[in-house]
Amino acid sequence: MKSSVVVGLQWGDEGKGKLVDQLAQQYDAIVRFNGGGNAGHTVVVGNEKKVFHVLPSAALWRKKLYIGAGVVVDPESLEQELSQNPVNVMVDYRCGLITPFEKWLDKRLEELRGTNAIGTTGRGIGPAYADRMLRVSPRVMDVVYGDFRDLSAVRRLIGGGDGITDEWIEMSRRVLSPIAGDVPESLLSLYEEGGSILFEGAQGALLDITYGTYPYVTSSNTVASYVGVGAGFPASKIDEVIGVAKLYVTRVGAGPFPTEIIGELSEKIRGKGGEYGSTTGRARRVGWLDMVALKYAISLNEPAKLKLVFTKADVLAGLGDLRAAVAYSVDGKESSNFVDALAGKRVEPVYESFDPIPDVDWESVAKSGWGAAPKQLRNFIDFIQDYLKVEVTEVSIGARRGMSVELRRCAFSS
Ligand code: IMP
Ligand code: MG
């Protein structure tokens with residue numbers, strides 16, 4: 001009996017998809033609990049690449065898959081994803097639905113924001129969560145159980161976008177009726193019968209609607225404890241949190257990014273790491289590892305239960321001198337509080353330099369284990385571990401399945 005949560009500790013795209021695919025074998029059920037089709041979780045098997053948006057990234061395994069009520073679901077894109085991945089998935093009756101109106105409103109709001117645009121994925125995520133709070137959003141159960149009414153007072157007020165048509169209701173009913181169910185009840189009985197559950201977070205802590213770099217955030221909570229609400233599963237029963245972070249940082253969309261790299265090096269990293277959005281294809285902004293931000297993200301994600309997994313070490317190799325922010329300088333004073341960056345203050349990263357990681361045969365490192373990894377990489381991870389006082393359990397060294405190394409339990413000084 002085990003329940004674990006995988007969460008992103010940066011601005012999304014940390015490599016959660018690869019990790020969930022790898023971990024899925026050890027669990028009976030895999031559950032999405034936040035976000036929606038804005039997510040792009042990539043799994044690479046051999047030469048084949050799969051991107052999951054609202055389905056859990058374990059869709060390649062024969063596992064029980066769930067979409068909890070904290071997720072907003074677009075029936076149209078779910079139908080498409082299911083046609084490419086014919087899997088068994090249960091969607092909670094209470095999930096909010098994204099209709100053509102929310103997608104229209106998402107794009108219209110971005111236009112109106114002009115130079116302050118957030119850079120959303122355009123999938124209707126923000127308006128769908130807002131409509132729920134306004135109590136005008138249709139839910140899965142509203143289309144599944146007959147008598148559907150278009151509650152969108154917001155649409156009537158705004159007077160733009162398309163209304164809900166009979167065709168849309170019919171399509172949604174066709175997609176959702178066979179898969180709608182009571183996710184909290186199913187998860188609790190599975191757990192009580194000894195089943196194990198893996199919760200798959202979408203986006204990352206710094207995109208959290210409450211704790212992230214507001215307003216440049218997504219519209220759901222992205223932290224581990226949101227499992228309690230977004231899946232209706234008792235947060236107290238979570239055994240471990242697996243926090244995923246890249247050894248550098250990326251962000252797609254606008255907003256503060258203290259360690260952003262501008263210029264040639266960022267292009268080099270973007271090219272080597274394939275740093276283009278899996279959902280929108282946009283070029284991701286690239287920066288150095290920010291340990292101030294990471295410490296903040298860890299503090300919000302059950303730190304006592306958290307283990308760290310770093311990804312994309314192979315991308316940093318062969319790039320020359322390496323840096324990571326260990327503090328900020330704010331108005332000439334040193335700070336180690338990410339809230340200074342949230343408050344829009346001018347934060348200048350204080351960097352520590354590290355020896356370049358040589359490019360090696362990563363396939364053979366994956367086979368031989370952590371001891372075979374370049375010592376510069378091992379030193380870098382040791383430093384991070386000491387700084388954060390959190391155990392690093394695994395380092396990913398390639399996109400394909402199997403390209404990771406587990407670390408032996410590493411002691412850190414406290
Ligand atoms: P939204 O979630 O589409 O409203 O977009 C809000 C912000 O979150 C934008 O900066 C998006 O680029 C970002 N975002 C949303 N989903 C993801 C994701 O899965 N990975 C990375 N960034 C994301
Ligand atoms: Mg992604």
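By convention here, the first residue in the shown sequence is residue 1. Values below: every heavy atom of this structure, side chains too, minus hydrogens, waters and symmetry copies. We count ligands from 1, going down the list as the structure has it; atoms in each ligand are counted the same way.
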Q: May I ask you to decide if Met403's main-chain N or O and Arg401's side chain share a donor-acceptor pair within less than 3.5 Å?
A: no
Q. About how many Å separate NE2 of His41 and CG of Leu55, when rounded to the nearest 0.5 Å?
A. 11.5 Å
Could you check whether [X] pairs with [Y] (Lys NZ or Arg NE/NH1/NH2 to Asp/Glu carboxylate O, under 4.0 Å)?
| X | Y | value |
| --- | --- | --- |
| Arg285 | Glu260 | yes |
| Lys63 | Asp28 | no |
| Glu348 | Arg346 | yes |
| Glu275 | Arg270 | no |

Closest protein heavy atom (residue, atom, distance) for [atom]:
| atom | value |
| --- | --- |
| atom 12 (O) of ligand 1 | Val252 O, 2.8 Å |
| atom 21 (C) of ligand 1 | Asp13 OD2, 3.0 Å |
| atom 11 (C) of ligand 1 | Gly119 O, 3.5 Å |
| atom 19 (O) of ligand 1 | Ala39 CA, 3.3 Å |
| atom 8 (O) of ligand 1 | Leu207 CD2, 3.7 Å |
| atom 5 (O) of ligand 1 | Thr120 CA, 3.3 Å |
| atom 2 (O) of ligand 1 | Thr218 OG1, 2.5 Å |
| atom 16 (N) of ligand 1 | Gln203 NE2, 3.1 Å |

Q.
Pairing donors with acceptors under 3.5 angstrom, does anything connect the side chains of Glu394 and Gln22?
A. yes
Q: For Asn221 and Thr210, test the side chains for any donor-to-acceptor distance below 3.5 angstrom and give the result as yes or no.
A: yes
Q) Looking at Gly253, which atoms of ligand 1 are within less than 4.0 Å of one of its heavy atoms? A) 10 (O)
Q: Below 4.0 angstrom from a heavy atom of Thr121, which ligand 1 atoms are there? Numbered from 1 as shown, please.
A: 1 (P), 3 (O), 5 (O), 15 (C)
Q. Any idea which part of Trp11 is under 4.0 Å from ligand 1, heavy-atom wise: side chain, backbone, both or neither?
A. backbone
Q) Which one holds for Arg251 and ligand 1: side chain close, backbone close, both close, or neither close, with close meaning a heavy atom under 4.0 Å? A) neither
Q. Of all N, O or S atoms in Asp13, which has the smallest distance to the Mg ion (ligand 2)?
A. OD1
Q. Strictly under 2.8 Å, is any N, O or S atom of Gly12 next to the Mg ion (ligand 2)?
A. no
Q: Give a yes/no on ligand 1: does Arg284 have at least one heavy atom closer than 4.0 angstrom to it?
A: no
Q) Quick one: does Val217 get a heavy atom under 4.0 Å from ligand 1? A) yes
Q) So Phe199 and Phe233, would you call those rings parallel, tilted or perpendicular, with 30° and 60° as cut-offs? A) tilted
(Q) Are any of the N/O atoms on Arg123, whether in the backbone or the side chain, positioned under 3.5 angstrom from an N/O atom of ligand 1? (A) no
Q) Hey, does Asn38 come in under 3.5 Å of ligand 1, counting only N/O atoms on both sides? A) yes
Q | Flag side-chain contact, heavy atom, 4.5 Å: Val309 against Leu19 | A | yes
Q. More than 12 foreign heavy atoms under 6.0 Å from CG of Asp162: is that the case here?
A. no
